[in-house]
Amino acid sequence: MASRVIMHIDANSAYLSWEAVHRLQHGDSLDLRTVPSVVGGNPETRHGIVLTKSIPAKKFNIKTGETIWEAKAKCPELIIVPPNYSLYMQCSQAFGDVLSGYSPLVEQYSIDEYFVDFSSMHWIYPDPVAAAHSIKNRIRDELGFTVNVGVSSNKLLAKMGSEFQKPDKVHTLFTEEIMEKMWPLSVEELFMVGRATSKKLYDRRIRTIGELAGADPRWLELFLKSHGRLIWNYANGRDASLVRVNRHPVVKSMGNSTTTAFDVDNQREAYLVLLSLVETVAFRIRAAGYCCQLVSISIKDNDFLYRSHQRKLYDPTDCTNLIHRIACELFDELWRGKPLRHLGVSAADLCSNEFLQTSLFDEQNEQQRDVDKTIDSIRKRHGSLAVQRASFLHSGLKPMTGGTGEEAEYPMMSSVL
DNA sequence: TCTGGGGTCCTAGGACCC
DNA sequence: TCTGGGGTCCTAGGACCC
């Protein structure tokens, strides 16, 4: 088999770059990328973390995921802009459209990352590195933001390559370069080695990707189970996964969650928050033509203790009221009275709603489904606030919580490339 | 002045059936 | 009265990704 050519294209500081480009296009004179700045939430509503940072902000040691407050302490003149997800969806789309002009084999991996398979393109683009530069420059010149491109023979190595020096760079990481370019890096730089795994590895004197690659995989499996074998293969640059073109978004679950602006300490308020989450979740599963057969809720108390509870359903459903009723029952079984800062609802075990059995004596009757359908169509036409439940009036809560504004057209990344 | 929100996959333990 | 295994399903929690 001819060797494969895979590219991974990653937008540099995606949210922040897109925000910067958008502002420049709308007459702003300041380019956010040139000053210490972050895209982040609002601390007043307890959403205050850094989502993306500019490169000058990185020089102040500001990290993604830390609080706005910590970031400000490191850099008082830091500029903070709130996220605008529907803008990011559009940028992401435009990004993908450029890539589709190069190869039909394009896979969106997340909002700011794509894989492109160039294996069969060698007679159009005989030099993959030149093609990578062309992609990088075209996106920069036409869309106004920069990307990193990793070029290799599989997805894992291409992805690792795109992480090297940023921004606006092309890097290769072919098999013969692994030893020199990848093995000296610390283990936590390897895809799928996070905090917990890197601690276990460090405890056992494995600090670099090279040391992991040289370890005995059977020994790794003793304390990391199957994950040990996975990261050992990755450390050795082995990955046979394919660029999944036209992959039908086989979504496994749809959920929404929210950190409330204040602690929720009574059942009535909790039910209302759950309702606003279920409104969004149920709307999304109906819009995608699904029914769910598993409802789960999660809570986080004011000590950040996280717990969840779920229930399998006998009849699949996409009905707002029914899902909400189940969520409330699950809540009563789960909650032990501690004030809560976060609630979530998720619908899983999705199936098509095409042949949904309608039983006559439950909440899933024809009328109920018609009501949901009607409300959905009004919301699609006039926005999510066009119809809202009376229970939210004067509640201080949003009638629909969660979601990004637009439906994402791609599946979320999975742990296996 | 604390610490988001969207996902996927894996594991361990218990229930239940044969 | 006291004892098998194997298989599947369900649930809770944890790890990872962006």
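The chains referred to below are lettered A, B, ... by the order of the sequence lines, with proteins before strands, and numbering in each begins at 1. Keep in mind the model is a prediction, meaning the values are calculated, not measured.
Residue-environment remark: NZ (A:K398) stays at or below the threshold of 12 foreign heavy atoms within 6.0 Å. Summarising the local packing, CD of A:E176 is surrounded by more than 12 heavy atoms from other residues, nucleotides or ligands at distances under 6.0 Å. Heavy-atom neighbours of A:K169 NZ from other residues, nucleotides or ligands within 6.0 Å: above the threshold of 12. In A:K166, the NZ atom is crowded: over 12 heavy atoms of neighbouring residues, nucleotides or ligands sit closer than 6.0 Å.
At whole-Å resolution of the value, CD in A:E188 and P in C:dC16 are 11 Å apart. Atom pair A:R229:CZ and C:dC16:C1' shows a separation of 20 Å (rounding to whole Å applied). Straight-line distance from the CZ atom of A:F223 to the P atom of C:dA15: 15 Å, rounded to whole Å. For the pair A:I299 CD1 and C:dG13 C1', the computed distance is 13 Å after rounding to whole Å. The separation between A:K300 atom NZ and B:dT3 atom C1' is 8 Å, rounded to whole Å. Taking atom NZ of A:K166 as the reference point, atom C1' of C:dC18 lies 11 Å away to the nearest angstrom. Atom CG in A:N302 sits about 18 Å away from atom P in B:dT1, given to the nearest Å. Atom CG in A:L305 sits roughly 13 Å away from atom C1' in C:dA12 (whole-Å rounding).
OP1 or OP2 of C:dC18 lies within a sub-4.0 Å distance of a side-chain N or O belonging to A:K159. Phosphate contact (OP1/OP2 of B:dG4, side-chain N/O of A:R341, threshold under 4.0 Å): present. Distances shown here put a side-chain N or O of A:H47 below 4.0 Å from the OP1 or OP2 atom of B:dG5. A sub-4.0 Å separation between OP1 or OP2 of B:dG7 and a side-chain N or O of A:S110 is absent. Remark: A:S257 is in phosphate contact with B:dG6, judged by side-chain N or O atoms under 4.0 Å from OP1 or OP2. The phosphate of B:dG5 (OP1 or OP2) has a side-chain N or O of A:H342 nearer than 4.0 angstrom. Here A:N256 does not reach the OP1 or OP2 of B:dG5: none of its side-chain N or O atoms lies under 4.0 Å away. An OP1 or OP2 oxygen of B:dA12 is reached within less than 4.0 angstrom by a side-chain nitrogen or oxygen of A:K225. Side-chain nitrogen and oxygen atoms of A:K252 include at least one within less than 4.0 Å of the OP1 or OP2 phosphate oxygen of B:dC9. Regarding contacts with the backbone of B:dT11, a side-chain N or O of A:S226 is found under 4.0 angstrom from either OP1 or OP2.
Stem list for DNA chain B (at least 3 consecutive Watson-Crick or G-U pairs, distances under 3.5 Å): B:5-18 with C:5-18.
Between A:D203 and A:K199, at least one side-chain nitrogen of the basic residue sits less than 4.0 Å from a carboxylate oxygen of the acidic one, meeting the salt-bridge criterion. At a threshold of 4.0 Å, the pair A:R204-A:E211 does not count as salt-bridged, since none of the basic side-chain nitrogens sits closer than that to a carboxylate oxygen. A:R140 has a carboxylate O that lies under 4.0 Å from a charged side-chain N of A:D168, or vice versa, which qualifies the two as a salt bridge.
Annotation: C:dG4 and B:dC16 have their C1' atoms spaced 16 Å apart (nearest Å).
The listed nucleotides are C:dA15, B:dT3, B:dG7; the one nearest the side chain of A:S253 is B:dG7. When each of C:dT11, C:dA15, C:dA12 is scored by its nearest atom to the side-chain atoms of A:K312, the top-ranked nucleotide is C:dT11. Here the nucleotide nearest the side chain of A:Q310, chosen from C:dA12, C:dG13, C:dA15, is C:dA12. The A:R284 side chain lies nearest to B:dG6 when the options are C:dC17, B:dT8, B:dG6. In this structure, the nucleotide among B:dT1, B:dG5, C:dG13 sitting nearest to the side chain of A:W69 is B:dT1. Between C:dC16, C:dA12, C:dT11, one nucleotide has an atom nearer to the side chain of A:L294 than all others, and that is C:dT11.
Nucleotide B:dC2 carries a syn base; the chi torsion (O4'-C1'-N9-C4 or O4'-C1'-N1-C2) is within 90° of 0. For B:dT1, the base is syn relative to its sugar; the glycosidic angle is within 90° of 0.
Summary of the strand contacts: A:T64 and A:E44 both lie near DNA chain B, and taking for each the nucleotide with the nearest heavy atom, the more 5' one is attributed to A:E44. The 5' end of DNA chain B is approached more closely, in terms of each residue's nearest nucleotide, by A:T259 than by the other of A:L224 and A:T259.
No donor-acceptor contact under 3.5 angstrom links the side chains of A:S298 and A:S308, judged on distance only.
A:G194 comes within 4.0 angstrom of sugar-phosphate atoms only, judged by non-hydrogen atoms across all strands, and of no base. Residue contacts shown for A:S346 are absent, as no nucleic acid heavy atom lies under 4.0 Å away. Residue-level contact check: A:I68 touches neither bases nor backbone, having no heavy atom under 4.0 Å from any strand. Among the atoms of the strands shown, base atoms are found under 4.0 Å from some heavy atom of A:F304.
Here A:W69 pairs with nothing under the ring-ring contact (aromatic ring centres under 6.0 Å, His included) rule; sequence neighbours left out.
Aromatic pair A:F95/A:Y114: centroids less than 6.0 angstrom apart.
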